[in-house]
Structure formats: structure tokens, C-alpha cells
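Since the structure comes first, as C-alpha cells, the remarks are kept for the end.
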Amino acid sequence: MQGRIHPISQVIHRAVEIFNEMGFTVAEGPELETDYYNFDALNIPPDHPARDMWDTFWIGSKLLRTQTSPVQIRYMEKHRPPFRIVAPGRVFRREATNATHDCQFHQLEGLAVDRAMTLAHMKAFLEAFFQKFFDANISLRLRPSYFPFVEPGLELDFSCFRCVGNGCALCKQTGWIEVAGAGMVHPAVLSAGRINSGEWQGFAFGMGLERLAMLKWGINDLRLFPSGDLRFLNQFIV
């Protein structure tokens, strides 16, 4: 039987390809992480209420990473700015499995650090990414939010490519689709990465790759991706 490239792998390959065109390189990190890289270095100390956001799988003194953000710290420790990276990979959270949640899924983390990097740069990069990924004329809007590792923190929505902002079932009649969390890298995170926050600044973003795949192909159940059901997978022939 002829093999197929899994739809999540297709999404990763396409996303990396687009970001490579914009000067981003790929960085990787371990799925089995330490408490320091997964929480402390990301401005989430032991008594921080933000830790309640994630239920974590522990394996002895280590944990399965709850986000791809630890890759930021590991990369900054070994590289000097300016740089732009993306870090795709699996993450793990103790969540009930349903049509939109699973205990393991894929994220793509982005980080760009330079002397004068701003939110305007981030918006331009991500707008260009989503336009190429969905092959549609898409615009972004930014909404204030909170994430411990960025300040200010933002939620990113893009205009619905199906109804062109008029309202439909895909965007729940709002004209907008929530797609990523982002913001300017917190000075404490830069310091943990051994970068002088008085000299350098940067932005970071994170998005769920299953969510991108579901939007791209109109899939309504995340559980189909790890199911191994050939009736589902054989639709994605490349």
C-alpha cells in the first residue's frame, strides 16, 4: 500500500516553508523537560497562579512539556541575537479528550529578537504567514490578553477566509477566528535566556497546528488526526 504524509506533518512542512521564506530557522527541544525550562525560565515561578492553567504529566522529577516555549530559552542560551526561529513540536497536557481537546497535540512557537523588534513587525509577519497558508486575503486583529512570558500579551484573530468577515458557522457569525497567542517577550524571559533586555527586544507567538489543519480542511473533530483511520488519512494525498 502506498504511504501517505500525515496531515499534521503536511501542516508542519508548509508552515516551516513559509516561515523559512521570511528568514526564520527551525529550532528543536526535548519533549521531556525540566521544571526550570517549562515554567521558571518562562516567568512562571512555583507559586505563580498561571501554573493553574496547565495540568502537567510528571515523570519522576521531569515533565512532558506543556508548550513549545521552553525551546525559546534553550535557543537563547546558545545563540546571540538578532535571530528569528520557529519551533514546531508535540506538547502534552492532562486534559479530557473531546472534539477540540486532547492530551497531546502539536504547537508551533515563534520567536524573533532584534534591537528594535515591535508588535508591528509581528503583525506583518503573521499576516503574511496566514495569507500564504490559507491562500486567502486575511487581516489580523490583536486583543489584549495575559500570558506570563510576554508583556504585553495578545490574542490574535484573523478575518474569516470563508465568509470574508460577513459571519458564518466557521467563525461563529463573528467574522473573526481566534488562532494564536502572542506578545512582546517579557524582560525576565530574555534574562533567563542570557540576553540583555536593555539592548534587545523581541516578540513571540504560539499556535496549535491541529487547529490550523481543522480550519484549512474543514475538519470538525481533532481526534481524527491520531486515530490511524485510513478512511480519513487517505483524503490527504500529496
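Treat the numbers as computed from the prediction; the structure is a model and nothing was measured.
Side-chain contact of Gln67 with Gln107: a donor-acceptor pair under 3.5 Å is absent, judged by distance alone. A donor-acceptor contact under 3.5 angstrom links the side chains of Thr66 and Asn38, judged on distance only. With no hydrogens or angles considered, a side-chain donor-acceptor pair links Glu77 and Tyr37 at under 3.5 Å.
Between the side chain of His121 and the main chain of Thr118, a donor-acceptor pair closer than 3.5 Å is present. A donor-acceptor distance shorter than 3.5 angstrom exists from the side chain of Arg84 to the backbone of Met22, with no hydrogens or angles considered. Remark: the backbone N or O of Ile138 is paired with a side-chain donor or acceptor of Gln131 at under 3.5 angstrom. Here the side chain of Glu33 pairs no donor or acceptor atom with the backbone of Leu64 at under 3.5 angstrom. The backbone N or O of Thr97 sits nowhere less than 3.5 Å from a side-chain atom of His101 that would complete a donor-acceptor pair. Between the side chain of Glu155 and the backbone N or O of Ser145 there is no donor-acceptor pair closer than 3.5 Å.
Qualifying side chain to side chain contact (heavy atoms under 4.5 Å, CB included) partners for Arg90, counting only residues two or more places apart in sequence or in other chains: Glu31, Phe92, Gln104, His106. For His6, the side chain to side chain contact (heavy atoms under 4.5 Å, CB included) partners at least two apart in sequence or on another chain are Ile8, Ser9, Phe225, Leu233.
For the pair Val189 and Ser197, the minimum side-chain heavy-atom distance is 4.5 Å or more. For the pair Arg65 and Thr56, the minimum side-chain heavy-atom distance is 4.5 Å or more.
Closest heavy-atom contact between Ala204 and Val150: CB-CG1, 4.4 Å.
Within 6.0 Å of the CG atom in Asn196, the count of heavy atoms belonging to other residues, nucleotides or ligands exceeds 12. By the 6.0 Å contact criterion, CZ on Arg80 is enclosed, its count of non-hydrogen atoms from other residues, nucleotides or ligands being greater than 12. More than 12 heavy atoms of other residues, nucleotides or ligands shown are found within 6.0 angstrom of CD on Glu21.
Relative orientation of the Phe134 and Phe158 rings is tilted, given thresholds of 30° and 60° on the angle between their planes.
The list of salt bridge (charged side-chain N to carboxylate O under 4.0 Å, His left out) pairs with a residue in residues 168-184, not counting sequence neighbours, reads Arg143-Glu178.
Exactly one of Phe133, Phe129, Phe130 qualifies for a ring pair (Phe, Tyr, Trp, His ring centres under 6.0 Å) with Phe19. That residue is Phe129.
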